[in-house]
Amino acid sequence: KRRRGQIMADITESKKVIKGSVLLYLKTPLLLKSGYGDVFSDSTIEKTFDGEKIHINGYNWAGLMRRCIDRIKGGSPVAEKIGKYNKDREGVSPLWCESSFIPISPMYIRAGNAIDRKYGAAKEGALFNDEIAPAGLTMRLNWNYFLTDEDEKEIEELLLGALWVLNSGIENIGGGWSYGMGRLGVKEVRLKTIDLKKPEDKTSLWRFDDETIKKMDIIKPQDLKKPQIEKPWSVITASASITKGQLLAIHSSYPVFDEKESFYEYPDAFVYRGYIIKDNDDIKPEFIIPGRSIRQALLSVPIERKIRTKGRDIICDSLAGLCTCDECKKHRSKKKSEDSPECKCVKCNWFGSGAKGGIIAVTDAVVEDGTTEIIHRINLCEHSMQNINLFSEEYLTHGTFRLNIIIDESRNKCEPHRLKEEVFWALNDMTENSASPPGWYRIGASSTATGQVSIKGTPEIELCGGIDG
């Protein structure tokens, strides 16, 4: 009993609660794996038992807020109370977040594959499909923060500062941080401090219905003030396009159906499309270049090639995804599934490995003014030169898109400043007037013959910045 009393002490001693309700929208698609698959995908989105709503539990929301608060100067002591307790800490989190239940909108399937690190090609048999929720989907985050001995104004500033960090795009909900998934934007903030000694306030403690939310003070997203950042990040943006006269094959085995668009014939492979929900709730398919493909083909492979050529740094030769530098092999003799904290491999520290994440993320690029063409091809027998197979594929022939690259600078031992220099080198090397041979940078399927991209203008960088909505 005494121990239980200690655990509940923070809550029972609280006299005031900061109540918050935030209307959010997905800037990028959501990957929230349920652990189950179906006939179409290897993993499905977390849903309610009847399959009619997406379910985001309160633990996910609290973890997101904790990570955002932890990036603010002076926020670490509060972040420690919210989660990731050590064995010597007792008590419950002062931040309670309500689970969110979001009506199902059109989902779509994203194909993925594991890349062979040595050859830069897809590993044999390493293909998978994930079900994801579309960008533009709205949802609501509701919380109660129970005040004890903290300063009310300080906690309120930290919570609002955390929403600024959230809106910037450095932290995400769900999986796929490195591939730009789960970034959120703030549409509206409602806030109110309630006094638990007042009966009328006490009755509204666990209520987040429309009537209760309307009585809370409203804060517009543009009024969220940038806090002092202790764990910084950078956002690099650049405009890109399909090189004139080129084809681009970011392929899917099936189309995203749109009643306004019809194919005069159905090819064997389609240009990848994804749904985007607009402000007026219209659902529109768009041509998408996945952030995963940009991160791997346009950044990871050429940067690794440059570093290997110079031979000044350690880059492991792992084909299984786990780092094989000497420090990691020594560490893995004790803990087989982990890389060493002292890992010396530049590639693993920047872009991650099978045992740890990297510090660079790339969001999906939506293709503007995209035009496509269906091309018929013939597979010839190399001996008899007879037709073996006829097939047709849809290719992008024109389009511009914007790259959004996020680098987490809070892990200084990974040399984030040097990574920024390498990213700028790679982007500048993709311009039309660079020293590299024309078409040196390619992306997508059949990249031996197609997929050339070019950077237009000068890449830009924003410190502790965010992603445009």
Side-chain angles (χ1 to χ4, degrees), residues 18 20 22 24-33 46 56-86 89 91-100 139-145 150 154-186 189 221 224-235 291 341 349 352 356-363 404-414 416 463-467:
I18 298 178
V22 189
L24 302 165
Y25 70 97
L26 283 173
K27 288 182 175 180
T28 63
L30 174 66
L31 176 65
L32 190 63
K33 295 185 179 183
E46 179 74 35
I56 303 177
N57 66 49
Y59 181 80
N60 285 337
W61 286 125
L64 175 63
M65 291 296 288
R66 177 188 60 79
R67 297 194 304 273
C68 291
I69 290 172
D70 194 41
R71 287 188 176 273
I72 301 172
K73 187 175 182 180
S76 294
V78 175
E80 287 178 2
K81 293 180 181 179
I82 292 174
K84 293 229 172 180
Y85 309 113
N86 58 49
R89 181 183 293 278
V92 295
S93 168
L95 178 67
W96 172 87
C97 292
E98 185 180 53
S99 294
S100 299
M139 58 194 69
R140 190 170 284 277
L141 162 60
N142 298 319
W143 78 66
N144 284 327
Y145 190 99
E150 302 104 334
E154 179 187 354
I155 296 299
E156 183 176 310
E157 288 179 353
L158 277 175
L159 290 170
L160 292 176
L163 294 178
W164 185 94
V165 173
L166 172 65
N167 195 53
S168 74
I170 179 61
E171 299 292 351
N172 76 319
I173 189 118
W177 180 89
S178 297
Y179 308 131
M181 299 293 216
R183 268 47 179 203
L184 294 161
V186 177
V189 182
L224 292 173
K225 296 180 180 178
K226 178 181 177 179
Q228 287 185 283
I229 301 297
E230 193 169 59
K231 295 182 178 180
W233 65 94
S234 297
V235 177
N349 281 322
K356 66 169 178 287
I359 63 171
I360 181 170
V362 182
T363 63
N404 286 287
I405 302 161
I406 305 165
I407 297 177
D408 186 353
E409 298 185 39
S410 62
R411 292 166 55 190
N412 289 323
K413 69 174 185 179
C414 295
L463 300 177
C464 298
I467 306 168

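We number each residue from 1, following the sequence as shown.
By the ring-ring contact (aromatic ring centres under 6.0 Å, His included) test, Trp96 pairs with Trp206, sequence neighbours left out. With sequence neighbours excluded, the residues satisfying salt bridge (charged side-chain N to carboxylate O under 4.0 Å, His left out) with Glu409 are Lys420. Residues passing the side chain to side chain contact (heavy atoms under 4.5 Å, CB included) test with Arg67, sequence neighbours excluded: Leu64, Glu171, Asn172. Contacts of Asn60 classified as side chain to side chain contact (heavy atoms under 4.5 Å, CB included), with partners at least two apart in sequence or in another chain: Leu32, Ile56, Asn57, Ile173. Legend: residues meeting side-chain hydrogen bond (donor to acceptor under 3.5 Å, both in side chains) with Ser76, ordered by chain and number and at least two apart, are Asp70. In terms of the side chain to side chain contact (heavy atoms under 4.5 Å, CB included) criterion, residue partners of Glu157 (sequence neighbours excluded) are, by chain and number, Lys153.
Expressed to the nearest 0.5 Å, how far CG of Asn142 lies from SG of Cys97 amounts to 9.0 Å. A distance of 6.5 Å separates SG of Cys464 from CH2 of Trp164, quoted to the nearest 0.5 Å.
Of the candidates Ile406, Ile405, Asn404, Ile405 is the only one forming a side chain to side chain contact (heavy atoms under 4.5 Å, CB included) with Val362.
Considering every non-hydrogen atom in both Asn167 and Lys27, the closest pair reads O-NZ, 2.6 Å. Of all heavy-atom pairs spanning Ser178 and Gly358, the tightest one is OG-N, 4.3 Å. Across all their heavy atoms, Ala62 and Ile82 have their closest contact at O-CG2, 3.8 Å. Residues Ala162 and Ile69 come closest through the heavy atom pair CB-CG1, 3.6 Å. Between Ser99 and Gly58 the shortest heavy-atom distance is OG-N, 3.2 Å.
Residues Met139 and Trp61 are in side-chain contact: their nearest non-hydrogen atoms beyond the backbone lie under 4.5 Å apart. Using a 4.5 Å cut-off on side-chain heavy atoms (C-beta onward), Leu163 and Val189 make contact. Side-chain atoms of Leu31 and Tyr179, non-hydrogen and from C-beta on, never get closer than 4.5 Å to each other. Residues Asn349 and Lys413 are not in side-chain contact: their nearest non-hydrogen atoms beyond the backbone lie 4.5 Å or more apart. Within the 4.5 Å cutoff, the side chain of Asn144 has no heavy atoms near those of the Ile18 side chain. Using a 4.5 Å heavy-atom threshold, the side chains of Trp177 and Ile170 count as touching. In this structure, the side chains of Val165 and Ile72 come closer than 4.5 Å at one or more pairs of heavy atoms. Two residues are said to be in side-chain contact when any heavy atoms from C-beta on lie closer than 4.5 Å; Leu159 and Trp143 meet this criterion.
Of the N and O atoms on the side chains of Trp233 and Ser410, not one donor lies less than 3.5 Å from an acceptor on the other residue.
The closest donor-acceptor contact from the side chain of Arg183 to the backbone of Gly169 lies under 3.5 Å. Judged purely by atom type and a 3.5 angstrom limit, Ser234 has no side-chain atom pairing as donor or acceptor with the backbone of Ile407. Of the possible polar contacts, none joining the Thr28 side chain to the Thr363 backbone as a donor-acceptor pair under 3.5 Å is found.
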